[in-house]
Asks: 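Input: one structure, supplied below.
Every chain is numbered from 1 and lettered A, B, ... according to where its sequence line falls, protein lines coming before strand lines.
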Amino acid sequence: MMSGSVATPRHHLMSPSPRCVASLPPTPTTNAAAATGSAKKTQPTASQVRRLCKQGPLDRARRLLLESLPRPPPTLLCNVLLIAYVARALPDDALRLYALLNHAARPAPRSDHYTYSSVLTACARTRRLRLGRAVHAHLLRRGGGVDVVRRLFDAMPKRNAVSWNTLFGWYVKTGRPREALELFARMLEDGVRPTPVSFVNVFPAAANDDPRWPFVLYGLLVKHGTEYVNDLFVVSSAISMFSELGDVQSAWRVFEHTAKKNTEVWNTMITGYVQNGKFIEAIDLFIQMLRSKKVPLDVVTFLSALTAASQSQDGRLGQQLHGYLIKGLRGTLPVILGNALVVMYSRCGNVQTAFELFDRLPEKDIVSWNTMITAFVQNEFDLEGLLLVYQMQKSGFAADSVTLTAVLSAASNTGDLQIGPSDW
DNA sequence: TTAGGGTTAG
């Protein structure tokens with residue numbers, strides 16, 4: 001239903017309880033036998049684990065690794081599997097494995113800076129830190145604290161640019177730009193050379209602080225040479241940074257000086273214009289992108305262009321974009337673009353078309369429903385909006401805070417304070 | 001072996 005859902009648990013080892021260890025496939029090494037030291041089991045080799053990680057599900061590699069418990073598997077093998085989990089976007093599984101190993105292995109497996117790096121990444125990738133509870137507990141034993149990621153970082157025996165990047169990237173993601181900037185500065189003081197990723201990660205922090213920061217950081221980037229300046233991830237990140245600062249001229253200069261641009265770079269610049277209310281420039285750039293035929297347009301390109309049409313209430317442009325989408329996509333309209341089209345028609349005052357489009361959407365998500373409900377209410381079709389709330393619930397979508405906002409708005413428009421679903 | 005940019009409702 002919602003896109004971008006986090007990885008679902010692949011197995012039932014939620015916490016490293018003895019029951020979980022017992023649920024591992026039977027092996028000659030039972031816990032009791034191993035505890036008395038009678039178990040003799042050869043360790044899997046690195047190439048074995050690596051091969052299993054490359055092909056198919058990771059369960060087999062995992063089983064192989066856990067077979068010798070409670071003897072700790074070699075650090076290298078743990079790292080290979082942890083990294084594989086992270087690479088396959090299964091950070092929860094990485095955290096669970098780490099927790100299990102630290103709980104069930106005697107002595108606890110040795111962790112090196114690769115281990116910490118991957119666990120750090122897994123923590124950063126998942127907001128569900130509850131699943132990292134065991135990691136947390138493990139760290140708390142080393143001295144109380146609240147910030148799991150920071151404690152992991154401090155516990156790292158060796159720090160390289162990757163660990164620094166991950167750490168201050170985490171601070172940016174969790175809304176602490178000041179600390180991110182300080183850590184970036186500390187990395188430099190420690191004599192660690194930043195990588196292009198360092199700049200990608202630190203730029204967003206600079207946009208939210210002293211307005212001189214972006215220029216200081218960009219200057220520093222330039223000193224690192226053309227390889228850094230021409231990195232397309234860096235270019236996008238720099239354009240975003242200057243745009244967020246409201247400095248579209250600087251953003252444009254970065255864009256302009258980039259010889260080989262990809263779709264994302266174009267999109268970032270168009271979005272930068274839109275976010276700064278420069279709709280004409282945004283549309284001009286979109287048309288330029290279309291005509292140049294140098295890079296393909298993608299969903300995000302159209303989202304940005306549609307947002308420009310919506311916000312500038314340019315219905316004619318919006319319709320053109322719609323036509324172009326129908327031709328270009330041959331029937332398969334991604335729900336996110338369908339939603340953006342509904343917004344566009346509604347903002348341009350064409351609620352009728354917006355509803356027809358909504359009604360025909362092959363797939364509707366919670367945003368589609370909320371968009372259409374809001375569209376009705378904003379265009380003074382309060383009753384239609386409220387009726388759609390009931391429809392939405394009948395279709396199996398629960399009303400949320402966005403729905404509530406629309407309903408409250410409709411209530412204040414009509415002066416009827418009794419309306420709304422009965423369970424509110 | 002690891003880290004990275006642009007994304008629709010309010």
Asks: Under a 3.5 Å distance rule, please check whether A/Thr174 uses its side chain to pair with a backbone N or O of A/Trp170 as donor and acceptor.
Replies: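 Here the side-chain-to-backbone pair exists.
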Asks: The side chain of A/Ser401 lies closest to which of these nucleotides: B/dG10, B/dG6, B/dT1?
Replies: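 In terms of side-chain proximity for A/Ser401, the closest of B/dG10, B/dG6, B/dT1 is B/dG10.
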Asks: Applying the side chain to side chain contact (heavy atoms under 4.5 Å, CB included) test to A/Tyr98, which of A/Ser111, A/Pro109, A/Ser118, A/Cys78 qualifies?
Replies: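 Only match with A/Tyr98 under side chain to side chain contact (heavy atoms under 4.5 Å, CB included): A/Ser111.
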Asks: Would you check, one step at a time, whether the test side-chain hydrogen bond (donor to acceptor under 3.5 Å, both in side chains) holds for A/Asp365 with A/Asn339?
Replies: CA-CA 9 Å; A/Asp365 61 9; A/Asn339 297 344; 3.3 Å; yes
Asks: Among residues 296-322 of chain A, which residues get a heavy atom nearer than 4.0 Å to DNA chain B?
Replies: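 When residues 296-322 of chain A is checked for heavy atoms under 4.0 Å from DNA chain B, the hits, listed by number, are A/Asp298, A/Val300, A/Leu303.
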Asks: In whole angstrom, what separates A/Tyr171's OH from B/dA3's P?
Replies: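 My rounded result for the distance is 19 Å.
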Asks: Counting only N and O atoms by type, is there a donor-acceptor contact under 3.5 Å from the side chain of A/His322 to the main-chain atoms of A/Gly318?
Replies: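 No.
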Asks: How about A/Lys261: does its NZ atom have over 12 heavy atoms from other parts shown lying under 6.0 Å from it?
Replies: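 Atom NZ in A/Lys261 is crowded, with more than 12 foreign heavy atoms closer than 6.0 Å.
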Asks: Starting at CE of A/Met392 and ending at P of B/dG10, how long is that distance when rounded to a whole Å?
Replies: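 Spelled out: CE on A/Met392 to P on B/dG10 is 14 Å.
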Asks: Identify whether any heavy atom of A/Asn262 sits under 4.0 Å from a base atom; if not, whether one sits that close to sugar-phosphate; answer base, sugar-phosphate or nothing.
Replies: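 Result for A/Asn262 = base.
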Asks: With no hydrogens and no angle check, do the side chains of A/Ser198 and A/Asn165 hold a donor and an acceptor under 3.5 Å apart?
Replies: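 Their side chains do contain a donor-acceptor pair, which is all the 3.5 Å distance test asks for.
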Asks: Would you say A/Arg347 reaches B/dG10's phosphate, i.e. side-chain N/O to OP1/OP2 under 4.0 Å?
Replies: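 Checking B/dG10 against A/Arg347, a side-chain N or O does come within under 4.0 Å of OP1 or OP2.
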Asks: State which of B/dT8, B/dT2, B/dA3 makes the closest approach to the side chain of A/Thr195.
Replies: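 Selected nucleotide: B/dA3.
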Asks: Figure out the CG/P separation between A/Asn230 and B/dG4, and round it to whole Å.
Replies: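 Rounding to the nearest Å, CG of A/Asn230 and P of B/dG4 are 22 Å apart.
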Asks: In terms of ring plane angle, is the pair A/Trp369 and A/Phe397 parallel, tilted or perpendicular, where the classes change at 30° and 60°?
Replies: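 A/Trp369 and A/Phe397: tilted rings.
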Asks: Starting at CZ of A/Arg88 and ending at P of B/dT2, how long is that distance when rounded to a whole Å?
Replies: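 The answer, rounded to whole Å, is 14 Å.
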Asks: I'd like to know whether A/Thr115 forms a side-chain hydrogen bond (donor to acceptor under 3.5 Å, both in side chains) with A/Asn79, so could you lay out the CA-CA distance, the side-chain angles of the two residues, the decisive distance to 0.1 Å, and finally the verdict.
Replies: CA-CA 5 Å; A/Thr115 324; A/Asn79 293 347; 2.7 Å; yes
Asks: For A/Phe199 and B/dG4, what is the distance between atoms CZ and P respectively, to the nearest whole Å?
Replies: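 My rounded result for the distance is 17 Å.
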Asks: Tell me: CD1 of A/Ile366 to P of B/dG10, nearest whole Å?
Replies: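 Nearest whole value for this atom pair: 14 Å.
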Asks: Report yes or no: do A/Asp298 and A/Thr263 form a side-chain donor-acceptor pair below 3.5 Å?
Replies: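 No - no donor-acceptor pair under 3.5 Å links their side chains.
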Asks: Are A/Phe286 and A/Trp266 an aromatic pair, judged by ring center distance below 6.0 Å?
Replies: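 No, the ring of A/Trp266 stays outside the 6.0 Å limit from the ring of A/Phe286, centre to centre.
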Asks: So which nucleotide from B/dG6, B/dG4, B/dA9 ends up closest to the side chain of A/Asn201?
Replies: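 That would be B/dG4.
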Asks: Can you tell me the distance, in whole Å, between the CZ atom of A/Phe397 and the C1' atom of B/dA9?
Replies: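 Answer to the nearest Å: 13 Å.
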Asks: Look at A/Gln378 and B/dG10 and indicate whether a side-chain polar atom (N or O) is within less than 4.0 Å of OP1 or OP2.
Replies: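 Yes, within the criterion.
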Asks: With a 4.0 Å cut-off on heavy atoms, is A/Val265 in touch with a base, just the backbone sugar-phosphate, or nothing at all?
Replies: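 It contacts base atoms.
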Asks: Could you write out DNA chain B as a dot-bracket string, with dots for unpaired bases, | for bases paired across to another strand, and Watson-Crick or G-U pairs counted at under 3.5 Å?
Replies: ..........
Asks: Without decimals, in angstroms, what is the distance between A/Asn339 CG and B/dT8 C1'?
Replies: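 Taking CG of A/Asn339 and C1' of B/dT8, I get 5 Å after rounding.
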Asks: So if I take residues 160-169 of chain A and measure heavy-atom distances to DNA chain B, which residues fall below 4.0 Å?
Replies: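 Residues of residues 160-169 of chain A under 4.0 Å from DNA chain B: A/Asn160, A/Val162, A/Asn165, A/Thr166.
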Asks: With heavy atoms under 4.0 Å as the rule, sort A/Asn79 into base, sugar-phosphate or nothing.
Replies: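 Base contact - A/Asn79 has a heavy atom under 4.0 Å of at least one base atom.
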Asks: Determine the interplanar angle of the A/Phe381 and A/Phe376 rings, folded into 0 to 90°, and report it as parallel if under 30°, tilted if 30 to 60°, perpendicular if over 60°.
Replies: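 Rings of A/Phe381 and A/Phe376: perpendicular, as their planes differ by over 60°.
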Asks: Under 4.0 Å between any heavy atoms, over every strand shown, what does A/Thr374 touch: base, sugar-phosphate, or nothing? Just pick one.
Replies: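 Since only primed, P, OP1 and OP2 atoms lie under 4.0 Å of A/Thr374, the category is sugar-phosphate.
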Asks: Under a 3.5 Å cutoff, is there a donor and acceptor pairing between the side chains of A/Ser304 and A/Asn267?
Replies: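 Note: A/Ser304 and A/Asn267 side chains miss the donor-acceptor criterion.
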Asks: Regarding B/dG10, can its base be found pairing with the side chain of A/Asp400 as donor and acceptor, where the two atoms are less than 3.5 Å apart?
Replies: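 No, no donor-acceptor pair under 3.5 Å.
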Asks: Which pairs with one or both residues in residues 211-235 of chain A pass salt bridge (Lys or Arg N to Asp or Glu O under 4.0 Å), sequence neighbours excluded?
Replies: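 Residue pairs passing salt bridge (Lys or Arg N to Asp or Glu O under 4.0 Å), neighbours aside: A/Asp210-A/Arg212.
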Asks: Sequence neighbours left out, what passes side chain to side chain donor-acceptor pair (under 3.5 Å) with A/Asp284? Give chain and number order.
Replies: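 Residues passing side chain to side chain donor-acceptor pair (under 3.5 Å) with A/Asp284: none at all.
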Asks: Enumerate the residues from residues 267-284 of chain A whose closest heavy atom to DNA chain B is under 4.0 Å, giving them by residue number; use none for an empty result.
Replies: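 Those residues are A/Asn267, A/Thr268, A/Thr271, A/Gln275.
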Asks: Determine whether the side chains of A/Thr268 and A/Ser240 contain a donor N or O and an acceptor N or O closer than 3.5 Å.
Replies: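 Side-chain D/A pair, A/Thr268 to A/Ser240: absent.
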